*Asks:* 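Quick one: structure below, then a few questions.
Quick caveat: nothing in here was measured; it's all calculated off a predicted structure.
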Amino acid sequence: MVFEVVDNAIDEALAGHCDDIKVIINTDGSVSVSDNGRGIPTDIHKEEGRSAAEVIMTVLHAGVNGIKDDIQVELALQWNDTYKESIFCFTNNIPQRDGGTHLSGLKAAITRTMNSYIESEGLNKKLKVALTGDDSREGLAAVLSVKVPDPKFSSQTKDKLVSSDVKSAVESLVNEKLQEFLQENPRESKIICEKILDSAKAREAARKARDMTRRKGALDIAGLPGKLADCQEKDPAMSELYLVEGDSAGGSAKQARDRKTQAILPLKGAYVERGARKEYVDSFESAIDWLLSEARKGHDVQRYKGLGEMNPEQLWETTMDPENRILLQVTVADAVVADSLFTTLMGDDVEPRREFIESNALNVMNLDV
C-alpha cells in the first residue's frame, strides 16, 4: 500500500501537478506520504459505490485523470560479448520486472531495424537461416525508461505495463534513433551485426546437434544392432530405411543409395550355400531351354545369392532406384501366428524347420533355386 501511495505521488509530479513529496516513517511503524499536488478525490465512486480514494488505492487501473502529455522515452543499450540478454524497464521511475508494452515495442524495433540493416548491407548473403529477435538481442544490455502521464498496469504491484499507446511510441522512436546510429557509426554497426550473425549460426548448429542427438537416441533405445548409415532427410515420411544382411550387402547398399533419403542398417548375416544342378534331356524341355538360351544372347544374366554380390550400380538400378523398383507391402494379419512361423524358419532349433519344409515342399508354386 505504501508503494501504491508513493507511486501515485510520483505520477502527480511527473504530470507537473506537484514538486514536493514527503515520505515519513513514524515511530509506531506507520508511514505518512504527502505531496503538494491536486490530492486524491474522496467522493463516492459512482460505479464502485466506494470512496474514490479506496478505489484508487485498491482497484486495478484506477488513477487520477489529468492532462495527457506526450510519452517520453529514454533508452541506453550496449551489445557485449556475452550470450545473455539483460533489459530493465521503468515507467515513471517504477521498475517493471515483467516488462510490458514498452518492452514489446523495444524488442520489435531492435529486431526490425537490425534485420533491415543487415539485409540492406548484404551481410547475410551466406547465411542459410533466418534471423530471429533472440539473435538480435544476444549479449544486449539495455535500460528503458518511459514517462507516461496516465500509465496502466496489470496489477497493483505495477510489475507489467499494459498501456497500449506506449508500444507504438517506443517502437517508432527506437527504430528512428537506432537507424541513425547504424548509419553514422559503420565500424560499430559491423561489429554488432557480426555478433548477431554469429548468434544465428550458433543457434542453427545447436539445433542440428539436438536433432542428431535425438535421432541417434531414438535408434539407440530401439536396440538396433550394427552401424546405421543415416540419411540427410529429417522428415520420417520422406526417409527410407534399408535393413540388409551382413556387412557385404551393407557396403554395396551404402555406395548405391541416395544419401538424401535412404538410410542403411546392416544386420548380422548368415551364410547359406546352395547347390546348382544341371540336367540334359532330349525332349520338349530341351527345346525350351534352347529358345531361352537364344533369347538371352546379347544380355548379361546374373543370379545372386544376396545383395552383397551386386555392384553398387546394379543394386541401385534393380532395388533402390525409386523410378524403377517394385515394392510389395508386407502385412501381418495375425502377429502371434506370424511370430511363431518366423521363429520356426529363422530360429536356432533345426528340427521344426526341417519338418515345416518337408510338410510344405509340394505346396510351393514358385521356387527359385
Side-chain angles (χ1 to χ4, degrees), residues 83 111 115 124-136 138 196-272 304-348 368:
Y83 309 103
T111 300
N115 285 2
N124 61 341
K125 290 181 178 179
K126 297 182 180 180
L127 191 66
K128 298 181 180 181
V129 60
L131 294 173
T132 67
D134 290 336
D135 298 328
S136 300
E138 183 182 281
I196 294 173
L197 294 173
D198 287 343
S199 173
K201 294 174 183 177
R203 173 174 54 81
E204 179 64 11
R207 184 193 66 80
K208 290 181 178 179
R210 287 194 303 271
D211 290 347
M212 184 60 66
T213 300
R214 291 168 181 166
R215 189 179 181 93
K216 289 183 177 179
L219 292 171
D220 291 341
I221 293 173
L224 295 176
K227 185 176 181 181
L228 174 71
D230 205 355
C231 60
Q232 299 171 349
E233 179 62 54
K234 302 305 177 185
D235 183 0
M238 302 296 294
S239 304
E240 298 177 356
L241 175 62
Y242 284 80
L243 303 179
V244 298
E245 186 181 35
D247 293 335
S248 177
S252 298
K254 290 176 184 178
Q255 296 181 55
R257 68 178 177 142
D258 180 355
R259 293 177 178 269
K260 180 175 176 56
T261 58
Q262 295 175 335
I264 308 297
L265 180 62
L267 303 178
K268 184 177 180 180
Y271 297 92
V272 180
Y304 302 96
K305 294 186 294 182
L307 300 180
E309 296 184 359
M310 302 178 71
N311 295 327
E313 297 79 8
Q314 296 170 320
L315 184 59
W316 168 257
E317 292 175 358
T318 60
T319 308
M320 304 181 75
D321 185 358
E323 299 296 329
N324 299 319
R325 69 188 180 189
I326 298 176
L327 299 181
L328 298 179
Q329 184 176 12
V330 178
T331 60
V332 179
D334 190 325
V336 176
V337 174
D339 182 70
S340 177
L341 180 58
F342 189 86
T343 302
T344 299
L345 297 178
M346 303 297 292
D348 296 332
D368 182 14

*Asks:* Just do the side-chain contact (heavy atoms from CB on, under 4.5 Å) check on Asn124 and Asn115 with the steps written out, would you?
*Replies:* CA-CA 9 Å; Asn124 61 341; Asn115 285 2; over 6 Å; no

*Asks:* Quick one: salt bridge (charged side-chain N to carboxylate O under 4.0 Å, His left out) partners of Arg203, sequence neighbours excluded?
*Replies:*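 Applying salt bridge (charged side-chain N to carboxylate O under 4.0 Å, His left out) to Arg203 gives Asp135.
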
*Asks:* Can you name the closest pair of heavy atoms from Pro322 and Trp316 and give their distance?
*Replies:*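 The pair with the smallest heavy-atom distance is CD-CH2, 3.8 Å.
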
*Asks:* Kindly compute the distance separating CG (Leu243) from CD1 (Ile264), expressed to the nearest 0.5 Å.
*Replies:*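 Spacing of CG (Leu243) from CD1 (Ile264) equals 9.0 Å.
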
*Asks:* Does Phe342 have any side chain to side chain contact (heavy atoms under 4.5 Å, CB included) partners at least two apart in sequence or in another chain, and if so, which?
*Replies:*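 For Phe342, the residues satisfying side chain to side chain contact (heavy atoms under 4.5 Å, CB included) (neighbours in sequence not counted) are Met346.
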
*Asks:* Test of understanding: with side chain to side chain contact (heavy atoms under 4.5 Å, CB included), list the residues that count as partners of Met238, not counting sequence neighbours.
*Replies:*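 Side chain to side chain contact (heavy atoms under 4.5 Å, CB included) list for Met238, sorted by chain: Glu233, Asp235.
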
*Asks:* Strictly below 4.0 Å, N to O, side chains only: are Glu204 and Lys201 in salt-bridge contact?
*Replies:*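 Between Lys201 and Glu204 there is no salt bridge, as every charged N stays at least 4.0 Å from the carboxylate O atoms.
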
*Asks:* Give me the atom names and distance for the closest heavy-atom approach of Thr261 to Cys231.
*Replies:*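 Reported closest heavy-atom pair: C-CB, 3.7 Å.
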
*Asks:* Test: salt bridge (charged side-chain N to carboxylate O under 4.0 Å, His left out). Region: residues 312-326. Which pairs qualify, not counting sequence neighbours?
*Replies:*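 Salt bridge (charged side-chain N to carboxylate O under 4.0 Å, His left out) check on residues 312-326 returns Glu240-Arg325.
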
*Asks:* Can you tell me how far apart CG (Leu265) and CG (Asp230) are? Round to the nearest 0.5 Å.
*Replies:*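 If I round to the nearest 0.5 Å, the distance is 10.0 Å.
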
*Asks:* Which pairs would a plain distance check flag for residues 333-340, meaning a side-chain donor or acceptor within less than 3.5 Å of a matching protein atom at least two apart in sequence or in another chain?
*Replies:*
residue: Asp334; atom: OD1; partner: Val336; partner atom: N; Å: 3.1
residue: Asp334; atom: OD1; partner: Val337; partner atom: N; Å: 3.3

*Asks:* Once salt bridge (charged side-chain N to carboxylate O under 4.0 Å, His left out) is applied, what residue pairs with a partner in residues 248-259 remain, sequence neighbours excluded?
*Replies:*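 Counting only pairs at least two positions apart or across chains, no salt bridge (charged side-chain N to carboxylate O under 4.0 Å, His left out) contact touches residues 248-259.
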
*Asks:* If you take all heavy atoms of Ser136 and Thr111, which pair is closest and at what distance?
*Replies:*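 For Ser136 versus Thr111, the nearest heavy atoms are OG-CA, 4.1 Å.
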
*Asks:* Which pair of heavy atoms, one from Tyr242 and one from Gln262, lies closest together, and at what distance?
*Replies:*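 Nearest pair, atom of Tyr242 first, then Gln262: OH-NE2, 3.4 Å.
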
